[in-house]
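Scroll down for the structure; my scribbles are underneath it.
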Amino acid sequence: MIHKVAIIGAGPAGYTAAIYTARATLSPILFEGTQPGGQLTITTDIENYPGYPEPLSGSEMMGYFKQQSERFGTEVIGDTIVKADLSKRPFTLTDSMGTEYLTESVIIASGASARWMDIESETALRGRGVSACATCDGFFFRGKEVMVIGGGDTAMEEAIFLTRFATKVVVVHRRDSLRASKIMQKRALENPKIEFEWNSVIDEIHDVTAGKVTGVTLRNTVTGELRQRDIGGVFLAIGHKPNTEVIAGQLELNPEGYIVTRPGSSYTSIPGVFAAGDVQDHVYRQAITAAGSGCMAAIDAERWLMEQS
């Protein structure tokens with residue numbers, strides 16, 4: 001059997017692409033991957049997605065997305081694509097069980113993964129005071145002192161954004177100088193609500209009260225000295241990694257590894273292959289922009305398929 005559309009990824013971009021292609025009677029198949037719902041599932045409360053007057057969890061929202069896509073006929077497959085042959089049409093996708101799927105078009109919506117410190121307490125407290133998205137979660141830290149981990153432009157942008165809500169923002173950087181651009185350094189260094197912990201890394205995140213972040217243990221990278229500091233939230237800003245392993249060496253990527261799409265569209269460097277969401281967006285990384293690009297990919301795929309018939 002040759003499918004018309006296969007979608008890799010089950011976040012806002014993937015499910016939106018599924019809703020639109022299913023309503024266009026293209027009978028899409030969608031592969032959920034290792035994290036159904038994408039990064040949004042680790043967000044406790046979502047308040048900035050239009051149409052939801054009351055906050056809801058990321059998992060709950062993604063459940064609604066999935067139900068809506070299935071209502072229109074999307075076949076959701078709870079497996080991961082581990083191999084993709086995009087060298088000829090129909091394209092061949094292989095899942096982790098070795099099953100092969102043939103498809104006339106592919107929408108890649110596999111997202112990007114935040115880079116984490118990989119310590120046990122960080123993993124346990126994700127969504128309960130540990131976040132990798134200040135824009136998503138900063139609102140919930142009003143009146144608290146928070147930390148931002150990182151020294152690049154993203155870290156400075158996150159820190160400056162968080163000063164809108166937090167009483168103080170402490171930037172923790174493992175070196176004694178920043179990697180951020182001069183203009184971003186200047187803005188952060190001159191902001192009275194931002195403080196810097198130089199030559200430092202987090203060894204442990206503490207949660208002595210009801211499973212929420214209450215403090216950290218900092219380690220000095222020069223002396224090895226350990227000390228504790230009370231804190232109400234920890235934001236990771238050490239980068240994101242687009243999930244492009246399955247198409248490595250086949251599609252054009254930018255220097256950071258994100259899929260390159262034609263300006264104003266979801267077309268990639270291979271006809272019939274489209275990209276949506278965080279796997280091609282290193283700027284906005286929001287649920288609503290991901291969903292919008294999923295819509296674009298679906299419409300582009302539908303029009304492209306019509307041109308081939």
- Does a side-chain N-to-carboxylate-O contact under 4.0 Å join Glu195 and Arg229? yes

- Row check, Phe161 ring normal vs Arg164 NZ/CZ: under 6.0 Å, within 45°: no

- Aromatic rings Tyr101 and Phe31: how do their planes relate, parallel, tilted or perpendicular, breaks at 30° and 60°? perpendicular

Using a 3.5 Å cut-off and no angle test, enumerate the donor-acceptor pairs between side-chain atoms of residues 16-27 and protein atoms at least two apart in sequence or in another chain.
| from | atom 1 | to | atom 2 | distance (Å) |
| --- | --- | --- | --- | --- |
| Thr16 | OG1 | Pro12 | O | 2.6 |
| Thr21 | OG1 | Ala17 | O | 2.7 |
| Thr21 | OG1 | Ala18 | O | 3.3 |

- All pairs passing ring pair (Phe, Tyr, Trp, His ring centres under 6.0 Å) where residues 170-190 contributes a residue, at least two apart: none

- Between Arg126 and Trp116, what is the shortest heavy-atom contact and its length? NH2-CG, 3.1 Å

- Message: Pair Val146, Phe165 - check side-chain contact (heavy atoms from CB on, under 4.5 Å), show working.
- Response: CA-CA 10 Å; Val146 300; Phe165 312 103; over 6 Å; no

- Donor-acceptor pair, Asn199 side chain versus Asn220 backbone, under 3.5 Å? no

- Message: Is there a path of hydrophobic side-chain contacts, each under 4.5 Å between heavy atoms of I/L/V/M/F/W/Y residues, joining Ile270 to Ile107?
- Response: no

- Task: Heavy atoms only: give me the nearest Phe141-Gly232 pair and the separation to one decimal.
- Result: CE2-O, 3.4 Å

- Provide the closest heavy-atom pair for Ile231 versus Glu145 in the form atom of the first, atom of the second, distance. CG1-O, 3.4 Å

- Looking just at side-chain N and O atoms, do Glu100 and Thr92 make a donor-acceptor pair shorter than 3.5 Å? no

- Tightest non-hydrogen contact, residues Val279 and Ile108, listed as CG1-O, 3.6 Å

- Any salt bridge between Glu307 and Arg303, counting N to O under 4.0 Å? no

- Side-chain donor-acceptor pair present, Thr217, Asp203, cut-off under 3.5 Å: no

